[in-house]
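Keep in mind that this is a model prediction, so the values were computed, not measured.
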Amino acid sequence: MADDIILSIDNGTQSVRALLFDLQGNLLAKSQVPLQAYYSDHPGWAEHKAEGYWDAVCEACRTLWAESGVDKSRIRAVAVTTQRATVINVDAEGRPLRPAITWLDQRRTDQVPQIGPLWSAAFRLARVDRTIRYFQREAEINWIAAQQPDVWQRTHKFLLLSGYLNFCLSGRYADSVGSQVGYVPFDYRKHRWAGARDWKWQALTIKPSMLPDLVKPGEAIGAVTEDAARATGIPAGLPLIAAAADKACEVIGSGGLAPHIGCLSYGTTATINTTTRKYVEVTPFIPPYPAAMPGAYNTEVQIFRGYWMVNWFKEQFGDREQAAAREQGMSAEALFDQLVNAVPPGSMGLMLQPYWSPGVRVPGPEAKGAMIGFGDVHTRAHMYRAILEGLAYALREGRERIEKRSGTRITELRVAGGGSQSDAAMQLTADIFGLPASRAHIYESSGLGAAIAGAVGTGAYRDFDSAIGAMTRPGRTFMPDPAHSRTYDELYRRVYLKMYQRLQPMYEDIADITGYPQTC
């Protein structure tokens, strides 16, 4: 058993990775295939060839075997984790009927099912009717049914990307409970498909027969088929174990097992999560997502397109650093850290609110991003640091909402995702939160989370607690600087927390005048 290894397949937005982990959480080998994040035939659309995801999985696995020379007999299981809320329609043969609609897609429809009068009255009374309407208009199910009825009529199963890859590997229409994040009729409290009387069946044009079976994280979905083995090189018959969505896997891969540990993800979407056995709605009427462990919840607050803004800055204003890095044969991240460190904490009053995309409730659908406090002293270095600080402010606000609703104080931070590789970002995060901030011990933390589920599923560990204890550990820890924390605390409380409230009326006027973003 000591030589056993787990294969994780991590299908993110930018790439697909095939990863081999041992039972101590060490990454033994890795293969990565880049992806075009999406293509767009219409403004706001974000699609991807559905078969392209599976093709990339096959390529990543074949390259892994060729480059690692691993003894495949040591592999005990495979587990899949993917980007969230990307959906695929398949026919009775399991063939995709249209391109996948990715989580970045912004299409919506006004042709939605009518919700019955009792539920409608209840939503109006609770003042969430606008939220429910938003849910219906954003749901890919309703858009496809309204705009592509021929596709919807031929749809045998409506799958998340995780469910599609699980089918490609095992031939079974099944998905993990921990992957159910999106506009689907899921009961987030009981971790099963919604009951027959649930309002979601009225809000969405879908039948129960069109959904996959649900399997708890750490339990077997099936086994790798002969067809999948020929395509990927994964041994036929290898157990396929249910894992969870990438953010949920990232939480346990970072060691986030308890509610006092705040797990930050500095990825395309920036998030703060805690893991709890108690059902807690951090934002009223917005449910917690299923965790990567059975019966547990992630109390997530997200900043949509959070670290996308960091990449945007690098693309638009970072040519100098990227060119210098290429010339010097070094990491561009180190040069961007120098840019951050050239500016004092607080960016000399330049403040950023990172609401690049509309939200449902906090922020609302009218929200936009804002940067205030410009003066003639400010340079692109100040702007870059202000972006990082604004994201940390927003996640600190999320921390305080989680603490208020859960009744549990967050006393330490674990940070994962691409942004965690920046020492400057880690230090200002510790300073803004006033807490120790530790990197996950391994960059591939979502893949490690899937491997943890695989290890539990094979019986290598008796439960998730013991597997997480054995396979994760904190990496480098950054301690807050008291003087910097005082500066940040003043800016956060006296300026940042007031920005959205003060700017919201102007956001609504902008939407009314320009039609963007559409708010109802």
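Side chains of D71 and R74 form a contact here, defined as non-hydrogen atoms less than 4.5 Å apart. Between N11 and V80 the shortest side-chain heavy-atom distance does not fall below 4.5 Å. Side-chain contact between V310 and L391 is present, with at least one heavy-atom pair separated by less than 4.5 Å. Using a 4.5 Å cut-off on side-chain heavy atoms (C-beta onward), D431 and F478 make no contact. Looking only at side-chain heavy atoms (C-beta outward), F158 and I206 come within less than 4.5 Å of each other. By the 4.5 Å heavy-atom criterion applied to side chains, P287 and Y297 are not counted as neighbours. Taking 4.5 Å as the limit, some side-chain heavy atom of R84 sits within range of a side-chain heavy atom of Y289. Counting heavy atoms from C-beta on, the side chains of I241 and I221 never come closer than 4.5 Å.
Here the closest heavy-atom approach between residue P290 and residue N298 is recorded as O-OD1, 3.9 Å. Heavy-atom minimum distance, A245 versus T81: C-OG1, 3.3 Å. Scanning all heavy atoms of the two residues, the minimum distance from R277 to P294 falls at NH1-O, 2.5 Å. What you find for A229 and P235 is that their closest heavy atoms are CB-C, 4.3 Å. In terms of heavy-atom proximity, A450 sits nearest to C249 at N-SG, 3.7 Å. Between T232 and C58, the shortest heavy-atom contact is CG2-SG, 3.7 Å.
Residues satisfying the ring-ring contact (aromatic ring centres under 6.0 Å, His included) criterion with F317, sequence neighbours excluded, are W312, F313. Not counting sequence neighbours, the partners of A56 by the side-chain contact (heavy atoms from CB on, under 4.5 Å) test are V16, V33, L35. Applying the side-chain contact (heavy atoms from CB on, under 4.5 Å) test to E219 and every residue at least two apart in sequence or in another chain returns V215, K216. For the ring-ring contact (aromatic ring centres under 6.0 Å, His included) test, residues two or more places apart in sequence or in another chain that qualify with H156 are Y173.
A donor-acceptor contact under 3.5 angstrom links the side chains of S466 and D463, judged on distance only. In the model, T13 has no side-chain atom that pairs as donor or acceptor with a side-chain atom of T268 under 3.5 Å. Using modelled atom types, one finds no donor on one side chain facing an acceptor on the other under 3.5 Å when comparing Y164 with T86. Side-chain contact of Q83 with D246: a donor-acceptor pair under 3.5 Å is absent, judged by distance alone. Using modelled atom types and a 3.5 Å distance limit, the side chains of S265 and E250 yield a donor-acceptor pair.
Atom-to-atom distance recorded for T429:OG1 and L435:CG is 11.0 Å, nearest 0.5 angstrom. Atom OG1 of T274 sits about 5.5 Å away from atom CD1 of I410, to the nearest 0.5 Å. Here the CE atom belonging to M210 is positioned 11.0 Å from the CG atom belonging to L204, to the nearest 0.5 angstrom. Distance check: I88 CD1 to S162 OG gives 9.0 Å after rounding to the nearest 0.5 Å. Atom OG1 of T275 and atom CD1 of I252 lie 8.5 Å apart (nearest 0.5 Å). Expressed to the nearest 0.5 Å, how far OG of S179 lies from NZ of K247 amounts to 14.5 Å.
Listed by first and then second residue, the salt bridge (charged side-chain N to carboxylate O under 4.0 Å, His left out) pairs that reach into residues 29-46 are K30-E444, sequence neighbours excluded. Here ring-ring contact (aromatic ring centres under 6.0 Å, His included) pairs that include residues 411-440, with residues two or more places apart or in two chains, number zero.
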Verdict with reasoning, L169 to I234, per side chain to side chain contact (heavy atoms under 4.5 Å, CB included): CA-CA 9 Å; L169 285 166; I234 301 172; 4.0 Å; yes

Worked verdict on I452 versus I468 for side chain to side chain contact (heavy atoms under 4.5 Å, CB included): CA-CA 7 Å; I452 288 169; I468 293 169; 4.0 Å; yes

Evaluation steps, salt bridge (charged side-chain N to carboxylate O under 4.0 Å, His left out), between R98 and E47: CA-CA 9 Å; R98 66 172 323 282; E47 298 186 333; 2.8 Å; yes

Test log, rule side chain to side chain contact (heavy atoms under 4.5 Å, CB included), inputs T63 and E59: CA-CA 6 Å; T63 302; E59 181 182 349; 4.2 Å; yes

Verdict with reasoning, R380 to E321, per salt bridge (charged side-chain N to carboxylate O under 4.0 Å, His left out): CA-CA 12 Å; R380 66 192 184 99; E321 285 72 25; 2.7 Å; yes

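For CZ of R320, the number of neighbouring non-hydrogen atoms (other residues, nucleotides, ligands) closer than 6.0 Å is 12 at most.
Between R189 and D187 there is no salt bridge, since no side-chain N of the basic residue sits under 4.0 Å from a carboxylate O of the acidic one. By the 4.0 Å N-to-carboxylate-O rule, K314 lies close enough to E333 to be salt-bridged with it. Taking a cutoff of 4.0 Å between a charged side-chain nitrogen and a carboxylate oxygen, R396 and E389 do not qualify as a salt bridge. Between R76 and D4 there is a salt bridge, since a side-chain N of the basic residue sits under 4.0 Å from a carboxylate O of the acidic one. By the 4.0 Å N-to-carboxylate-O rule, R172 lies close enough to D213 to be salt-bridged with it.
Here the side chain of W65 pairs a donor or acceptor atom with the backbone of C61 at under 3.5 angstrom. Checking side-chain atoms of D105 against main-chain N and O of I101 turns up no donor-acceptor pair under 3.5 Å. S31 places a side-chain N or O within donor-acceptor distance of the main-chain N or O of A60, the cut-off being under 3.5 Å. Put simply, the side chain of Q180 gets close to the backbone of S176: a donor and an acceptor are under 3.5 Å apart. With hydrogens and angles disregarded, a donor-acceptor distance shorter than 3.5 Å links the side chain of R385 to the backbone of V340. Side-chain N or O atoms of Q36 include one that pairs as donor or acceptor with a backbone N or O of Y38 at under 3.5 Å. W193 places a side-chain N or O within 3.5 Å of a backbone atom of P212 that can act as its donor or acceptor partner. Checked by atom type and distance alone, the side chain of D10 never pairs as donor or acceptor with a backbone atom of R17 at under 3.5 Å. Side-chain N or O atoms of T269 include none that pairs as donor or acceptor with a backbone N or O of I303 at under 3.5 Å. Although no hydrogens or angles enter the test, the distance criterion places no donor-acceptor pair under 3.5 Å between the side chain of S15 and the main chain of P34.
Checked against the 6.0 Å centroid threshold, W143 and W45 count as a close aromatic pair. Between Y39 and H48, the distance from one ring center to the other does not fall under 6.0 angstrom.
A cation-pi geometry, defined here as NZ or CZ lying under 6.0 Å from the six-membered ring centre and within 45° of its normal, does not hold between K157 and F167.
Tested against R399, the residues L413, I272, V301, L264 include a single side chain to side chain contact (heavy atoms under 4.5 Å, CB included) partner, I272.
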